[in-house]
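Here the structure is laid out as structure tokens; the discussion comes afterwards.
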Amino acid sequence: MPGPLRLSFDLDVDICVIGAGLAGLTVALEAARLGASVAVLEARHVGWSASGQQLGTVLPGYGLPIGDMIARVGFEDARELWSLSKQGAEYIRATASEELIPGVALSEGALEVSNVDAGDQLISRLQTLGEDFETEVEGWQVDRVRAELKTDHYFHGVYYPKAFQIDGRNYVHGLAALARRAGARIFEDTPVVSIDPSGIRKRIVTPSARLRASHIVLAGNVHLGAPSRRLSETLLPVWRYAAVTAPLGERLGDAITFKGSVTDTGGIDHFRIVHGDRLMWASPETTWAARPERFASAIQRRIRTIFPQLGSPEIAEVWGGAVGQTVHGMPQIGQLRRGLWVASGFGRQGLNTSAMAGQLIARSILWGDERWRLFSPFELVWAGGATGRVAGYVIGMWGRGSSATAGALARYRERAQTQERIREARLAEANRQAGTRPPPRRSPPGSARPARSRPPAAASSSEGEGE
Ligand SMILES: Cc1cc2nc3c(=O)[nH]c(=O)nc-3n(C[C@H](O)[C@H](O)[C@H](O)COP(=O)(O)OP(=O)(O)OC[C@H]3O[C@@H](n4cnc5c(N)ncnc54)[C@H](O)[C@@H]3O)c2cc1C
């Protein structure tokens, strides 16, 4: 096998892309398909960071909940943004065929489960997604969810029949192969140390070569560094860790029969069955880089907490990668100045969004497509540097902690209600036998709820749109 192709000679191209993750590779593939000469410069190797570590779940939407998006940009623009996010997912579906990318193993369906008993929010969310945003969704009642996921941790669910999952690693390497085939040149082991974006022909400097290009696309995510420190500082790096278990055999069926990806509304867990009887699971997060192996037991504990019937499954492999979170939760897509483009900040939902960004930027450069302007209201906002990381960690932990607490409370209420129903049935039976009238009904502890008219139309901020 030949080693990585390092750039060691000067080059002139139409478009220079910095970063060979999902975003950079999709820009490169699409721009090359449209006839541009493209060079991709990658500091390490293709898919080195998050793009090579992701779980392959492709859902529509963004990290920012729909309700917040509508509040920020209005209903019509929110609908257009949502539709772009669906196009990103469709792009992956079209690209991830076994003919184009062998081993990509596309399978259908994803489920977003609620870790609190919030059926009214579910109805509101289904209305927004299904009717207003034309996305195929099914509402699953608690029984249906628990028939597929045998745990009392989850309540209602939103099933996305058009969502799907792929082998994430094969996809990113497949994208690189397609981009090369379309004529893009990918140079690995080639960090960009500085750029000068001021002239018509922009300059890009690497340790052993210089490039000139009409357009530069910054797709380096949180790792970008020297070429644009200002841009790097608008992203909060969050390391997410995932693992795959050893084969679990038939006992996996006692816990999970759902075949697609599962994410929860608290943004805590994301899992699915892989290779027939193994469980792939992502959960722990930090705002600093740590050795992934440290999180094997945390993931094992998390699996045991949700599915006690699986015991403590042996962990076969652990890995992690850094995602770039923006302060507003939307990705950074667009033109910073003439010929200088950005595609980053895709957070935990980077597959559909980076695919859409890649297509959009290539078309903007070569066809003058202006739809990237829909992202303009989401400006580059400083993420707070080192202080921001600490704050981000505390806020993240608080959000996950409060979501777990809400889940525990919901399960407590559910148990109390079941016990109350059994108690009432016994009492009614005793009264029937004694020929007396039943006493007036009392509510179980903690079940008192304020009367609600129609639930709010928009989704609440606890409902991330998946990973
Ligand atoms: C554990 C985990 C699970 C995930 N699961 C999912 C999922 O199921 N579904 C989903 O939609 N998303 C998922 N994500 C999120 C998704 O992986 C990311 O949003 C996405 O990969 C970001 O892609 P990117 O191209 O922007 O960045 P990256 O993958 O970080 O790529 C950036 C590249 O740029 C290079 N680079 C940076 N600076 C320079 C420079 N100066 N010179 C040269 N090269 C440079 C880096 O070396 C890197 O290779 C997951 C993430 C993680 C960590």
Side-chain angles (χ1 to χ4, degrees), residues 20-30 33 45-63 84-112 135-136 159-182 219 221 240-245 256 258-263 269-282 316-317 319-321 323 331 343 346-359 465-467:
L22 289 167
L25 291 170
T26 316
V27 177
L29 170 59
E30 286 310 297
R33 277 178 174 165
H45 56 81
V46 165
W48 163 71
S49 189
S51 299
Q53 316 298 331
Q54 34 86 16
L55 266 54
T57 303
V58 186
L59 281 160
Y62 301 89
L84 281 175
S85 85
K86 288 202 298 184
Q87 285 170 32
E90 281 156 23
Y91 176 90
I92 297 187
R93 187 182 277 281
T95 311
S97 67
E98 287 293 331
E99 298 76 54
L100 292 177
I101 302 183
V104 74
L106 190 149
S107 63
E108 306 285 346
L111 184 63
E112 188 188 52
T135 301
E136 221 172 287
Y159 175 61
Y160 296 80
K162 291 270 170 74
F164 55 94
Q165 38 276 316
I166 50 177
D167 183 308
R169 289 178 192 168
N170 283 350
Y171 180 72
V172 71
H173 289 285
L175 262 188
L178 289 176
R180 285 192 185 102
R181 225 178 293 155
N221 194 9
R240 190 155 169 87
Y241 305 92
V244 69
T245 67
I256 304 172
F258 185 69
K259 296 285 181 258
S261 297
V262 181
T263 54
D269 298 304
H270 174 184
F271 58 88
R272 73 179 153 106
I273 296 174
V274 291
H275 309 306
D277 65 349
R278 292 173 188 251
L279 200 47
M280 184 161 69
W281 195 292
E317 189 192 345
W319 65 91
V323 299
F346 299 105
R348 292 201 222 136
Q349 198 165 341
L351 271 159
N352 68 319
T353 50
S354 65
M356 172 264 290
Q359 211 178 16
E465 316 290 350
E467 186 155 11

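Only heavy atoms go into these numbers, but all of them, side chains included; no hydrogens, no water, no symmetry mates.
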Sequence neighbours excluded, which residues qualify as salt bridge (Lys or Arg N to Asp or Glu O under 4.0 Å) partners of R278? none

Within-4.5 Å side-chain heavy-atom neighbours: L178 and L100: yes

Gap separating the CD atom of Q349 from the OG atom of S354, nearest 0.5 angstrom: 10.5 Å

Do the side chains of P60 and Y160 get nearer than 4.5 Å, heavy atoms only? yes

Gap between atom CD1 of I101 and atom CD1 of I166 - 0.5 Å precision: 7.5 Å

Heavy-atom closest pair, residues A89 and F164: O-CZ, 3.4 Å

Atom pair OG1 (T245) and CE (M280), whose distance is rounded to the nearest 0.5 Å: 10.5 Å

Evaluate the side-chain proximity of V46 to R180: yes if any heavy-atom separation is below 4.5 Å, no if none is. yes

Is the backbone of Q87 close enough, under 3.5 Å, to the side chain of N352 for a donor and an acceptor to pair up by distance? no

On the 0 to 90° scale, with breaks at 30° and 60°, tag the Y159-F258 ring pair as parallel, tilted or perpendicular. perpendicular

Residues passing the salt bridge (Lys or Arg N to Asp or Glu O under 4.0 Å) test with E136, sequence neighbours excluded, are K162

Using 0.5 Å steps for rounding, measure from the CD1 atom of I92 to the CG atom of L106. 9.5 Å

Between R240 and W319, is NZ or CZ placed under 6.0 angstrom from the six-membered ring centre and within 45° of the ring axis? no

Would you say T57 and Q165 are linked by a side-chain donor-acceptor pair, where the criterion is simply a distance under 3.5 Å? no

Heavy-atom closest pair (A163 atom, L59 atom, distance to 0.1 Å) is CB-CD2, 3.8 Å

L22 vs Q54 side-chain heavy atoms within contact, under 4.5 Å: yes

Of the non-hydrogen atoms in G88 and A355, which two are nearest, and what is the gap between them? O-CB, 3.6 Å

Checking V58, L25, T95 against Y171 for side chain to side chain contact (heavy atoms under 4.5 Å, CB included), the one that qualifies is T95

Looking at residues at least two apart in the chain, or sitting in another chain, which of them share a salt bridge (Lys or Arg N to Asp or Glu O under 4.0 Å) with R33? E30

Kindly indicate, with the supporting measurements, whether the criterion side-chain contact (heavy atoms from CB on, under 4.5 Å) is fulfilled by H270 and L55. CA-CA 9 Å; H270 174 184; L55 266 54; 3.8 Å; yes

Of the non-hydrogen atoms in I273 and D277, which two are nearest, and what is the gap between them? CG2-N, 4.3 Å

Taking the side chain as everything from C-beta on, heavy atoms only, tell me whether I256 gets closer than 4.5 Å to L279. yes

Is a side-chain N or O of S51 found less than 3.5 angstrom from the main chain of G21, in a donor-acceptor match? no

Answer yes or no: is there a side-chain heavy-atom contact under 4.5 Å between M356 and Y62? yes

Could you report the tightest heavy-atom contact between S85 and G61, atom names first, then the distance? OG-N, 2.8 Å

Show the numbers, then the answer: is there a side-chain contact (heavy atoms from CB on, under 4.5 Å) between V244 and V274? CA-CA 8 Å; V244 69; V274 291; 3.7 Å; yes

Just by modelled atom types, is the G103 backbone N or O under 3.5 Å from a matching donor or acceptor in the E98 side chain? yes

Is a donor on one side and an acceptor on the other found under 3.5 Å between the side chain of R169 and the backbone of G52? yes

Can you tell if the side chain of L29 reaches within under 4.5 Å of the side chain of L175, non-hydrogen atoms only? yes

